[in-house]
Each structure stands twice: as structure tokens, then as C-alpha cells.
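A short worksheet on the structure shown next.
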Amino acid sequence: MSELYDVIIIGGGAGGMSAGVYAARGKMKTLIIEEKRKAGGQAATTDEMENYPGVLSATGPELMDAFRAHCDKFGVEFTKGIVNNISVADDGYIKTLTTTKGEVFQAKSIIIGTGASPLILGVPGENEFRGKGVSYCATCDADFFEELDIVVVGSGNTAVEESLFLTKFVNKITMIVRRDHGILAADRTAQEQAFANDKINFVWNSVLDEITGDELVNGVNVKNIKTGEISHIESDGVFMFVGTVPKTDFIKGLIDLNSHGYIVTNDKQETNIPGIYAVGDVTDKFLRQVVTAAGDGAVAAVAADRYIEEEDNWRKSVVDFDGTALVAFWAPQNQDSIDVINQLETHNKGQAGKNVVTIDIFKNQKIAKQFNVSEIPVVIRFDAGQEAKRVNVKDLNELETLY
């Protein structure tokens, strides 16, 4: 069993390392568990990074190296491993993570940034020729196809951006596009760049039907979705950029996922489990980019910090307090609740063994929900950490029953 961390971040991509910077800079004891030997996630496999604000000339690996250096500056700890289970203590606070190697880690909060892996189409030949001409990463494998002809499957931003990078190496690219002639799924700038590149050709209204070869890929069979006609294209390689699948198998049954398996979060990157957050490509979001993942990480780290502060204070003032704690649920715009707090503090001032604890129902929604407080003012008396009496205050004289 390891020492207790304030936050453990699962995944060392842009979202995870951004969270690491914010958490460690906020003096939180922070650990990042990364599956791969080198952190960086999917961004570390991207050659050109043209849309990260303020970075005018850097590759994906260079930018991720800078993220890692920033983490190191503030003392983020890193370890290599694959988390395969998360469990939560009965009181909901301490979280335990285990890895496939049997390692056990504990934390007050968790940030999940496991990202997504390339979608496998499952067409004949795809699995057979993976690593033998079938690739999912242009930066990783481009130099293997120098001066050769290749096929790219997909037409979104990733497919176009990676194709443009591949044109630096290959002889010719044929893009297989499901859409009608002249229509790509990529944004306008990317489309213009693709259409202007003499090395990129297009096969419209078509899908990949089969990858052919002997020991290595030698071509593909393509099906026209309008006519049903199947044609053969000779090719030395196939690059697949048709989407991603979130890496969420290890949290199914614990964390709420959408119908596609992505983690559902709110504007604080909170999941349905208090103290567990999710960031980056693994979440259900509109735009999956390095800049949005970095933003997610910053939000999650700050939210986790506040969560821990609130939970630690609650335990110290109420749960682990041997005396009597009078917990007043209030809101700054509710004058009645302010009057209740003033009277409680006046009455209990200087009395040993008594605490007056205030809970803003908007800032501390978890605790308000835990004790079914929806209307205020409400005061709950706790004796030695156990709820003893509750008063829905309509008249200040009702507070006398709590003393």
C-alpha cells in the first residue's frame, strides 16, 4: 500500500499533465499513473501542432515534453502502470486504485485522463496486417512508407492533418471518403490544404471493404456505397483515421458513461462519484483537442482541491469531532439563514465542546444532497459525529431545542 495522495491522475496526456501542474502548484500531493513509458498521450504522436494558442512552431512531442517539464518543476510524481480497478471507501472519501501488476495506491481524489484509442473497423485483413502495412499513427510509422503509395481511411481533421504530414514521406495518398464528391468531415482550413496538395487523391462515396496482401499489405478493396461496385486499389500501406474508442472498460459500473462509452461530466469535470473527475478525450465533449484537454485538467485540479478542503473540514469539524456540532445550511442571498447563523454563533460563543459549522448549499452541494437539504435555513445537530436532531427553522425560537 502506498502513501495517501491528495490526487492521483490516471493518464499522462495533455489533460492529465495539465491537471498535474495545477494540482502540484496548489501544494497537493500528486501522482500521475501513465500506461506508456513516456507521457504525452495522443498529442505526442502528432507531428504539427498548429492550433495550440501561443505555440507557433512545435511538434506534438515537443509540446508534451514541455508539459512534462512543467509537471517536474512543481514536483508531480510519475509512475508507469495500467489501472484496472477503482474502489471507494464506505464513507465515499478515500479511493483505492489497483494496477494490472497488483500495485495499490490510495488518494482523496482521482482525475481520469485515459484518453481514447483508435477505432478498429474490423474489415477483413485489418487485424492480420496490423504492423505489416496497417497503421493508426502517422508520426510513428511514416518513414516506413517513404516513396511508396498508401491509402488513408477517414476524412475528419485527424485524417487530413495526418495525411498532410504523410505527404512529406510517401509518393501518393488515396483517401477513402464515405461522403459525396468534394465533401470532407474536416474543417474548412484542413479541407483547403488537402485539396491543394498534389499528392492526395480522393475516392468518394466509398468505404474500405478489405485489406489485401501476402506477408505485407499490397492493396485494398473499396466498395462504392451508392452502386455497390467493388474496386481494387494497389497500395503499400493503409492508415486508419476513422475515430476513437474511450478507454473506460476499467470503470464500467462505477462511473456514468454515455451510450458510446465516454465519461459524463459537469462543468467542474465532476463524474457521478464525488471526488472523481475526468478530463480530455475520455469525456463526453464537443471538441477533443489538446487545448480543451488542458482546460479540462485545470478545472478538474482546482475542483479536486476545493473538494478535499471541504471534505477535510467537514470531517474535522463534524464527523471526527467528539463534541456537539451545530451545522447550519445557508445561502448568502437568504437573510433568514444568515440570521440563524448569527444567533447560533452568539449563543455558542466560548462554549467548549461545541462547534458551529456553516454549509453554503450552493458551494457544498454534495453535503447538502447527502443530508437531503433542499430548503433553508436548516440546522442539524451532530453529537460525536452522529446526527441527533434536525430543525427546519421557521422561527428563531426553534433553535432553543438544539441547545
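Side-chain atoms of Thr212 and Asn218 include a donor-acceptor pair closer than 3.5 Å. Side-chain atoms of Asn157 and Asp187 include a donor-acceptor pair closer than 3.5 Å. For the residue pair Asp339 and Gln335, a side-chain donor N or O sits within less than 3.5 Å of a side-chain acceptor on the partner. For the residue pair Asp383/Thr324, the side-chain donor-acceptor check at 3.5 Å is satisfied.
In this structure a side-chain-to-backbone donor-acceptor pair under 3.5 Å is present from Asn266 to Gln269. No side-chain donor-acceptor contact under 3.5 Å links Arg178 to the backbone of Ile225. Between the side chain of Gln351 and the main chain of His347, a donor-acceptor pair closer than 3.5 Å is present. With hydrogens and angles ignored, the 3.5 Å screen pairs no side-chain donor or acceptor of Asn355 with any backbone N or O of Val357. Side-chain atoms of Thr292 come within 3.5 Å of backbone N or O of Leu287 as a donor-acceptor pair. Although no hydrogens or angles enter the test, the distance criterion places a donor-acceptor pair under 3.5 Å between the side chain of Thr271 and the main chain of Ile276. No side-chain donor-acceptor contact under 3.5 Å links Ser235 to the backbone of Gly219. Proximity of a side-chain donor or acceptor of Ser109 to a complementary backbone N or O of Asp6 within less than 3.5 Å is detected. In this structure, Gln191 contributes its side chain and Ala186 its backbone to a donor-acceptor pair below 3.5 Å. Judged by distance alone, with hydrogens and angles left aside, the side-chain atoms of Arg381 form no donor-acceptor pair with the main-chain N or O of Ala388 at under 3.5 Å.
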* To do: Please test Asp209 against Val222 for side-chain contact (heavy atoms from CB on, under 4.5 Å), starting from the C-alpha separation and ending with a verdict.
  => CA-CA 5 Å; Asp209 189 68; Val222 177; over 6 Å; no
* Would you sort out whether Lys366 and Glu311 count as a side-chain contact (heavy atoms from CB on, under 4.5 Å), showing the intermediate values? => CA-CA 10 Å; Lys366 172 185 175 293; Glu311 287 293 319; 2.9 Å; yes
* Asked: Could you go step by step and tell me if Ile10 and Leu97 meet the side-chain contact (heavy atoms from CB on, under 4.5 Å) rule?
  -> CA-CA 10 Å; Ile10 309 172; Leu97 303 84; 3.5 Å; yes
* **Working for ring-ring contact (aromatic ring centres under 6.0 Å, His included), residues Phe195 and Phe202** => CA-CA 9 Å; Phe195 293 143; Phe202 302 89; 5.3 Å; yes
* Go through the steps for Val170 and Glu146 under the test side-chain contact (heavy atoms from CB on, under 4.5 Å), then give the verdict. => CA-CA 5 Å; Val170 304; Glu146 195 162 358; over 6 Å; no
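Here Gln343 contributes atom CD and Asn348 contributes atom CG; the two are 10.0 Å apart, rounded to the nearest 0.5 Å. Taking CD1 from Ile8 and CG from Leu31, the interatomic distance works out to 5.0 Å, rounded to the nearest 0.5 Å. To the nearest 0.5 Å, atom OG1 of residue Thr167 and atom CD of residue Glu162 are 11.0 Å apart. To the nearest 0.5 Å, atoms CD (Glu270) and OG1 (Thr265) are separated by 9.5 Å. Rounded to the nearest 0.5 Å, atoms CG (Asp214) and NZ (Lys132) are 10.0 Å apart. In this structure, Lys172 NZ and Asn201 CG are separated by 5.5 Å, a value rounded to the nearest 0.5 Å.
Two residues are said to be in side-chain contact when any heavy atoms from C-beta on lie closer than 4.5 Å; Phe250 and Thr114 meet this criterion. Side-chain contact check for Asp281 versus Gln42: some heavy-atom pair is nearer than 4.5 Å. Put simply, the side chain of Thr99 does not reach to within 4.5 Å of the side chain of Ile82, judged on heavy atoms. At a threshold of 4.5 Å between non-hydrogen side-chain atoms, the residues Lys389 and Ile380 do not count as touching. Within the 4.5 Å cutoff, the side chain of Thr174 has no heavy atoms near those of the Val152 side chain.
Tested against Ile255 for a side chain to side chain contact (heavy atoms under 4.5 Å, CB included), the candidates Ile110, Val264, Ile263 yield a single pass: Ile263.
You'll find the ring centres of Trp314 and Phe321 outside the 6.0 Å limit. Aromatic pair Phe329/Phe362: centroids not less than 6.0 angstrom apart. Centroid-to-centroid, the aromatic rings of Tyr22 and Phe74 stay 6.0 Å apart or farther. Taking the six-membered ring for Trp and the full ring otherwise, Phe239 and Phe145 have centroids separated by under 6.0 Å.
For the pair Ala328 and Ile341, the tightest heavy-atom approach, listed with the atom from each and the gap, is CB-CG1, 3.9 Å. When all heavy atoms of Val160 and Ala190 are compared, the closest pair comes out as CG1-O, 3.3 Å. Nearest heavy-atom pair, Val279 versus Gly15, reported as atom, atom and distance to 0.1 Å: CG2-C, 3.8 Å. When all heavy atoms of Ser206 and Ile176 are compared, the pair lying nearest together is O-CG2, 3.6 Å.
A salt bridge between Asp249 and Lys252 is present, with a side-chain N of the basic residue lying under 4.0 Å from a carboxylate O of the acidic one. A salt bridge does not link Lys363 to Glu310: none of the charged side-chain nitrogens sits closer than 4.0 Å to a carboxylate oxygen. Checked for salt-bridge contact, Asp312 and Lys316 miss the test: no charged N lies under 4.0 Å from a carboxylate O. At a threshold of 4.0 Å, the pair Arg315-Asp91 counts as salt-bridged, since one of the basic side-chain nitrogens sits closer than that to a carboxylate oxygen. Look at Lys223 and Glu210 and you find no salt bridge, because none of the NZ, NE, NH1 or NH2 atoms lies under 4.0 Å from a carboxylate O.
The number of heavy atoms from other shown groups lying within 6.0 Å of CD (Glu234) does not exceed 12.
By the 6.0 Å and 45° rule, Arg68 stacks over the aromatic ring of Phe78.
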Counting only pairs under 3.5 Å, give me each side-chain donor-acceptor contact of residues 240-248, with atom names and distances, residues two or more places apart or in other chains.
from   : atom 1 : to     : atom 2 : distance (Å)
Thr244 : OG1    : Tyr262 : OH     : 3.2
Thr248 : OG1    : Gly261 : O      : 2.8

Would you mind writing out the side-chain donor-acceptor pairs for residues 296-308 within the sub-3.5 Å range, not counting sequence neighbours?
from   : atom 1 : to     : atom 2 : distance (Å)
Asp296 : OD2    : Gly280 : N      : 3.0
Asp296 : OD2    : Lys285 : NZ     : 2.6
Tyr307 : OH     : Lys95  : NZ     : 2.8

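Evaluation of the salt bridge (charged side-chain N to carboxylate O under 4.0 Å, His left out) rule for Glu387 yields Arg390 as partners, not counting sequence neighbours.
In this structure, His181 and Trp204 have tilted ring planes: the angle between them lies in the 30° to 60° band.
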